Amino acid sequence: MPLTVRDLLAIPSLRLEIAAGRPGLGNVVEAAHASEMLRPAAWLEGAEVVMTTGLLLADEDTPEGWTQYAADVARGGAAALILGLGRALPLQQVPAALAEAAEDLGLPLLTAPERTPFVAVTKAVFGARAAEERRLLERTLRTQRRLTAATASGDGLDALLRAWQQATGTAVAVCDALGRLLGAAGTDGTAAIAEAAGILDAVALRGLRGSADGDLPSGRVQVQPLGASRLRGFVLLLGAGNAESRLLGSVLVSLLSVELERRHLADEPQRRRRAQLLAQLFAPELPPARARSLLAAAGVRSAAIRVLAVAADEQPDELAADLAMAAPGGLARVAGENVELVVGDGVEVEEILRRFAPGRPAGIGPVVAPQHAALSLRQAQALLPTSKELGRPVTTAEAGSVRLLLQLGSPALLSAFADTVLAPLDAQDPAASLGETLRVWLETNGSWAETAKLLGVHRHTVQARIERVAQLTGRRMDRIEDRVDLWLALQARESAPVTSRPDGAR
């Protein structure tokens, strides 16, 4: 137990007596500091025993002076004030004003006879502190052996967490890299993980190099990542903790990391079996019943699935294991330089990729019936070059869109294409009325009446303008290819920098 003012008062050799401030006898003492300054607070760090003979204070000896002195000592965070008394010292008794102020402040005021030198108090404080640190180290070593024994017992994660909580009194929860509860002791693990979701996300972004703490509605929490070479999960230490738990925190993290790595290795045979299921699932002309059976064997009962293809420049096996852990069913395999993953419809694949494959090219295939998994796979693979170009995952839903095509082109290329198609309009239509009419007409799928309504002109005006566009650009408005060219040119011009457009174009 830490040294308190009460413990100091109980040391017979010091001959200390209490004069005021008994409610503060439980204050923890961290150090002893002798000072004759009138205002010692600036030199205090907190939890010190301040010792004085009142050398300078005795000269003033006013109630206000003693009151201000006591307030300054209390403001500095002192654990107690010791006043030296004796015939050869400035003071022979405790000033009434000082005792009254100490009592009001809850500041323990002790007296020491002149035959008790202040250095004896200092030695007693630091001796007690050293003994406490030695006892703490001994307890820590015993607890470390208990934790190691619990890990080696074969009883798994729960035994280790129970041993920790019983030894330190600190509640603990452990979750995997996706925040799914693996075990807890002394707390509702599910609720704690839900409360700490934001902190877990922040730590996950830095991987094994991250850690954080914060205040939750239920109290203080510290989050540490777990894993040897890759992130396997998190440990949450709940509450302020004590000296022993702070010393043992790194030991717990190491033992938990070993346990999660052991689980990871133990799951390897199952991952291989599921990779073999994928080889069958991707077979062409797979009967629907057989496809559903293969998915059911992995615990995936979704009526529709989709396939992801993720580029794995290095450690593809580790990436496949991470994705298998993250996705329900764990259907992942390494295929050449890529990792292929099958998930049920509705799974948040973008979140999985953000957490476990940040910055990696990824193609997200369309949602299909289970027997068409091979089709979704081919489309996912085909999207990888586009994903690499854009620097983000790409889905089939956007792969054929005009926006995606425009993103793939450089600003200079887009501007050149738009200028080539729309240059005749730029020269003959400085007010851009023809271009705006063309845009609205294309957006309304060639509706004369709707275009006229939106622009506030007569439909004959719209028809005349569209005919003029056709004459100037040499495009036939009844040909889909020409319409697409004009539409792409308009969209490219909107995407291109203003400075790259010809004079007069808007």
Side-chain angles (χ1 to χ4, degrees), residues 1-137 242-243 246:
M1 296 292 291
L3 179 70
T4 66
V5 178
R6 182 178 288 104
D7 298 328
L8 195 63
L9 187 62
I11 299 175
S13 62
L14 298 181
R15 304 179 185 87
L16 301 176
E17 295 183 2
I18 180 74
R22 286 184 178 275
L25 289 179
N27 293 349
V28 173
V29 178
E30 299 284 351
H33 178 61
S35 173
E36 298 299 338
M37 299 178 65
L38 293 175
R39 297 292 181 266
W43 302 91
L44 303 179
E45 294 183 353
E48 297 97 343
V49 169
V50 176
M51 300 174 289
T52 183
T53 63
L55 180 63
L56 299 179
L57 289 160
D59 292 339
E60 298 182 5
D61 194 21
T62 63
E64 294 79 8
W66 290 113
T67 299
Q68 291 174 5
Y69 177 74
D72 186 76
V73 172
R75 185 167 54 252
L81 173 64
I82 296 180
L83 184 64
L85 302 177
R87 289 190 302 272
L89 298 177
L91 296 172
Q92 287 76 49
Q93 61 183 7
V94 177
L98 177 61
E100 183 179 351
E103 190 69 34
D104 292 341
L105 293 166
L107 174 68
L109 173 60
L110 310 183
T111 62
E114 60 183 314
R115 64 181 183 274
T116 299
F118 286 166
V119 69
V121 178
T122 300
K123 287 181 178 180
V125 169
F126 285 101
R129 291 281 300 153
E132 172 60 24
E133 290 177 0
R134 184 171 58 253
R135 288 192 295 271
L136 175 60
L137 180 58
N242 51 36
R246 288 191 290 272

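Note that the coordinates shown come from a computational prediction; the quantities given were computed from them, not determined experimentally.
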Polar side-chain atom of E103 near backbone of G21 as donor-acceptor pair, under 3.5 Å: yes
Atom pair CD (E48) and OG (S35), whose distance is rounded to the nearest 0.5 Å: 11.0 Å
T111 side chain near L16 side chain, heavy-atom distance below 4.5 Å: no
Value rounded to 0.5 Å, distance of OG1 in T52 from NE2 in H33: 10.0 Å
Nearest heavy-atom neighbours spanning T4 and G26: CG2-O, 3.7 Å
Partner of L109 by side-chain contact (heavy atoms from CB on, under 4.5 Å), out of I18, L98, I82: L98
For L38 against Y69, the heavy-atom pair lying closest together: O-CD1, 3.3 Å
Spacing of M51 atom CE and L83 atom CG [to the nearest 0.5 Å]: 12.0 Å
Pairwise side-chain contact, W66 with L57, heavy-atom cut-off 4.5 Å (strictly under): yes
Flag side-chain contact, heavy atom, 4.5 Å: L85 against P113: no
Atom of A97, atom of T67 and distance for their closest heavy-atom approach: O-OG1, 4.3 Å
Heavy atoms of other groups near E114 CD, more than 12 under 6.0 Å: yes
Result of checking L14, V94, V5, V49 against L110 for side-chain contact (heavy atoms from CB on, under 4.5 Å): V5
Shortest non-hydrogen contact from G54 toward P90: O-CB, 4.2 Å
Shortest non-hydrogen separation from A99 to A20 and the atoms involved: O-CB, 3.5 Å
CZ-CG distance between R39 and L56, expressed to the nearest 0.5 angstrom: 11.0 Å
Minimum side-chain heavy-atom gap V73-L107 below 4.5 Å: yes
More than 12 heavy atoms of other groups within 6.0 Å of E36 CD: yes
Distance-minimising heavy-atom pair for L8 and L3: N-CD1, 4.2 Å
Over 12 foreign heavy atoms within 6.0 Å of CZ, R22: no
Other residues, nucleotides, ligands: >12 heavy atoms within 6.0 Å of Q93 CD: no
Rounded distance (nearest 0.5 Å) linking atom CD of Q92 with atom CZ of R87: 9.0 Å
